[in-house]
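Here's the structure we're looking at; comments come further down.
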Amino acid sequence: MSTQDDPGATSQSTTSRAVWNSRTGFILAAAGSAVGLGNIWKFPYITGENGGGLFVLIYLVCIALVGLPILIAEIMIGRAAQAQPVEAFKRLQGGPTGWSAVGWLGVLAGFLILSFYIVVAGWAMDYALKSVVGFTNPIGQKAADSALVYRGSESIELMRTALVDDKAAEPIARAEKTWRRQFAPSTWTLWQDYEEASAKPGVNPAFILEDPAIKAAFNTVSPALPERDAAVAAARATATAHIAQLSDEHVRDAATTLKRRSLISAEVTSVFMGLLGDGWTSTFWAGIFMFLTILVVATGVGAGIERTCKIMMPLLMLFILLLVVYGFFQPGFGQAVEFVFYPDPNELEPRGVLEALGHAFFTLSLGMGAMLTYGSYQRSGSGGLLGQSVSIAIFDTAIALLACLMMFPIIFSYGQDPSSGPGLVFMSMPLAFAEMGELGMMLGIVFFGLLVFAALTSAISLLEVVASYLIDAHNWGRARAAWTLGGVIFGFGIITAFANSTGFAMTSWLPGYGQSFFDTMDLLTTNWMLPLGGLFIAIYAGWVMPARVRRAELSDLSGPVAGGWLFLVRFVAPLLVVIVLLDKVGLIDVNEISFHLMH
């Protein structure tokens with residue numbers, strides 16, 4: 001293919017439209033769009049929250065049944081229309097159509113996601129610079145000094161108690177989780193409401209039990225409490241017996257390590273919370289990150305986006321592999337491999353299946369018009385659609401799995417919790433780096449550097465979706481569109497940067513919405529806009545798209561393969577996306593439904 005993208009061009013007709021230099025360039029750019037913070041930040045922590053192996057297995061199935069079919073559909077629409085999302089449906093339908101609303105949904109989603117994405121990416125840039133100056137070294141040294149004082153002053157009995165509490169925590173949590181599964185989620189929620197209310201001073205539990213629903217929950221749960229207490233006592237007795245066998249010196253060693261890690265954890269958490277509440281610093285880094293994003297998009301498709309992704313994607317893979325190799329030699333590597341790849345049905349709730357499905361959808365940049373826009377820079381009917389889509393999905397999935405093998409060996413080796421949630425990247429990993437000393441400084445630079453790279457390749461595609469509308473629909477020059485809309489998105493993103501700051505000007509937001517502005521934008525896009533966008537893309541490609549256009553784009557596929565894709569995109573993918581959407585917005589409770597089906 002030849003490159004015809006001119007940053008200052010004022011027209012993007014079908015004949016002069018910018019194109020990729022090569023298929024490899026397109027695959028790397030599309031993979032760069034898919035590979036972002038979702039792979040390196042979100043996938044490891046939701047894998048941890050959902051118990052590892054079985055979640056990963058279901059995620060892979062969801063990629064095949066939902067992610068890949070919709071990915072093919074989105075690229076196909078872009079290639080056939082040779083236009084960005086809003087114009088694409090109009091061209092394929094031969095005139096104005098209500099389906100253009102799907103394109104507008106993608107443009108709006110890209111705008112909103114990029115407005116808070118630049119803030120999170122800015123945090124990664126902040127931590128990368130902090131790593132260069134070795135911010136974890138003084139934290140680790142200060143904690144080590146305090147832990148030595150603790151070793152020399154704390155009684156051996158209290159040290160043994162602390163070790164028993166620590167060792168029993170995970171078995172107790174596991175036992176309580178297993179015990180709790182005998183109750184319907186709605187019953188357990190009512191029981192928790194009863195416990196919380198009855199524990200308050202001056203509350204008479206008998207009056208609370210006058211509520212028939214709470215009374216029913218109480219009658220169901222309370223007889224089983226001795227079973228839970230026995231399981232908790234057994235877990236604690238096992239931990240106590242283990243610690244009792246240790247010599248006093250071994251107890252002091254273990255308790256000192258535990259104390260040092262708790263002190264580091266508190267300090268690292270304080271550093272992150274300080275950044276979270278510092279709107280000016282967040283704005284500063286978001287501005288630098290947005291500047292880099294605009295620079296790439298304004299330069300052009302081939303000269304800017306493709307060339308950047310050809311450099312950054314191999315570097316990203318190199319950085320990840322370096323950290324995986326380091327993790328291979330850590331004592332926690334075997335535990336990490338077992339955690340990621342061994343399916344344990346007891347660790348996964350039914351809603352975790354939908355979490356896997358939702359992430360399979362989110363991680364491939366579906367529903368926001370990114371793949372449609374990138375697909376439009378290929379020649380219509382140029383073939384290879386299935387192979388390209390499979391390559392993108394494999395690349396994206398491989399990065400997600402390698403990210404787990406990069407992080408979890410370090411997490412397990414340094415006694416961290418794999419289910420620590422969103423703090424896994426900005427709190428748990430820096431804690432481990434602080435324990436490593438000078439080596440931790442180098443690993444921190446590599447780790448947060450690759451986070452920035454991954455975020456940039458995704459941010460480029462998000463800005464391209466928004467900017468391409470003005471380029472295609474209003475004949476704006478690429479540079480003008482990129483700088484104008486990039487500036488507007490950055491301005492909107494400032495609200496997100498200050499959303500967690502003390503004195504946030506929009507004082508009614510948090511009490512009114514029950515969550516920060518940042519979290520509201522995330523929920524709006526992830527729970528509503530992306531699933532709806534993907535759902536309509538699947539419906540359009542499967543049922544509405546002119547058959548001759550669809551056949552032309554799938555002409556190099558055999559009949560059974562094309563038929564299989566059509567079945568998935570018409571029936572399977574829409575059904576599963578609807579289930580995810582209904583659960584996310586609270587219209588159904590999959591955990592509750594699953595409980596009643598199984599009982």
Side-chain angles (χ1 to χ4, degrees), residues 27 30-31 33-34 38 55-81 85 88-89 92 99 102 105-106 350 352-372 374-375 378 381 383-398 400 530-584 590:
I27 291 171
S33 173
F55 175 84
V56 172
L57 180 62
I58 292 172
Y59 166 77
L60 296 177
V61 173
C62 292
I63 286 284
L65 295 182
V66 178
L68 184 58
I70 297 180
L71 174 63
I72 292 171
E74 196 161 327
I75 295 174
M76 180 176 67
I77 292 170
R79 286 202 338 185
F89 295 97
L92 291 177
W99 285 99
V102 180
L105 186 65
V353 176
L354 295 191
E355 186 79 34
L357 178 57
H359 189 70
F361 186 84
F362 177 80
T363 188
L364 290 172
S365 295
L366 303 176
M368 63 183 77
M371 292 302 176
L372 193 158
Y374 275 13
Q378 286 192 304
L385 179 60
L386 177 63
Q388 292 172 2
S389 301
V390 169
S391 297
I392 294 165
I394 289 176
F395 201 113
D396 177 78
T397 304
L530 297 188
L532 281 174
L535 174 64
F536 289 130
I537 287 287
I539 293 173
Y540 180 82
W543 296 99
V544 182
M545 188 176 189
R548 58 178 175 77
V549 177
R550 188 167 57 233
R551 283 195 299 268
E553 292 298 331
L554 300 175
S555 59
D556 59 334
L557 301 184
S558 65
V561 173
W565 168 81
L566 192 59
F567 175 78
L568 289 174
V569 86
R570 277 183 169 179
F571 302 105
V572 178
L575 175 62
L576 294 178
V577 171
V578 166
I579 293 173
V580 170
L581 182 62
L582 293 177
D583 184 74
K584 281 186 174 292
V590 171

**Asked** Should Ile75 and Tyr374 count as side-chain neighbours, where that means a heavy-atom distance under 4.5 Å?
**Response** no
**Asked** Roughly how far, to the nearest 0.5 Å, is CD1 of Ile27 from CD1 of Ile394?
**Response** 10.5 Å
**Item:** Reported CE-to-CG distance for the pair Met76 and Leu92, which is rounded to 0.5 angstrom
**Value:** 9.0 Å
**Item:** Nearest-0.5 Å distance, CG of residue Leu357 to CG of residue Leu65
**Value:** 9.0 Å
**Message:** Please give me the minimum heavy-atom distance between Val577 and Pro531, naming the atom from each residue.
**Reply:** CG1-O, 3.4 Å
**Message:** With heavy-atom distances below 4.5 Å as the criterion, would you say the side chains of Leu532 and Val102 are in contact?
**Reply:** no
**Asked** What closest approach, in Å, do Ala80 and Val549 show between heavy atoms, and which atom pair accounts for it?
**Response** CB-CG1, 3.4 Å
**Prompt:** Rounded to the nearest 0.5 Å, how far apart are CG of Leu557 and CG of Leu566?
**Reply:** 11.5 Å
**Prompt:** Going by the angle between their ring planes, with limits at 30° and 60°, are Tyr59 and Phe55 parallel, tilted or perpendicular?
**Reply:** parallel
**Complete:** The reported gap from CE in Met368 to CG in Leu105 (rounded to nearest 0.5 angstrom) is 11.0 Å
**Any donor-acceptor pair under 3.5 Å from Arg79 side chain to Gln378 backbone** = no
**Prompt:** Any donor-acceptor pair under 3.5 Å linking the side chain of Asp556 with the backbone of Gly384?
**Reply:** yes
**Request:** Check the angle between the aromatic planes of Phe536 and Trp99 and answer parallel, tilted or perpendicular using the 30° and 60° thresholds.
**Result:** perpendicular
**Asked** Is there a side-chain contact (heavy atoms from CB on, under 4.5 Å) between Leu530 and Leu366 once you walk through the steps?
**Response** CA-CA 7 Å; Leu530 297 188; Leu366 303 176; over 6 Å; no
**Item:** Ala88 versus Leu372, closest heavy-atom pair with distance
**Value:** CB-CD2, 3.9 Å
**Request:** Measure the shortest side-chain to side-chain distance between Val572 and Pro69 over non-hydrogen atoms and say whether it is less than 4.5 angstrom.
**Result:** no
**Prompt:** Would a distance-only check, ignoring hydrogens and angles, find a side-chain to backbone donor-acceptor pair under 3.5 Å from Glu553 to Leu385?
**Reply:** no
**Message:** Can a donor-acceptor pair be found, under 3.5 Å and without considering hydrogens, that links the side chain of Thr397 to the backbone of Ala393?
**Reply:** yes
**Prompt:** Are Tyr540 and Ile77 close enough that some pair of their side-chain heavy atoms sits under 4.5 Å apart?
**Reply:** yes
**Request:** Please report the shortest heavy-atom distance between Val569 and Ala73, naming the atom on each side.
**Result:** CG2-CB, 4.1 Å
**Prompt:** Quick one: does Asp583's side chain have a donor or acceptor within less than 3.5 Å of a partner on Val590's backbone?
**Reply:** yes
**Asked** Among Ile537, Ile392, Val390, Ile63, whose side-chain contact (heavy atoms from CB on, under 4.5 Å) with Leu71 holds?
**Response** Ile392
**Heavy-atom closest contact (Ala370 atom, Ser33 atom, distance)** = CB-OG, 3.8 Å
**Message:** Within the structure provided, determine whether Met371 and Ile70 are in side-chain contact (heavy-atom separation under 4.5 Å).
**Reply:** no
**Asked** For Ala541, does its backbone N or O pair with a side-chain atom of Arg550 as donor and acceptor, under 3.5 Å?
**Response** yes
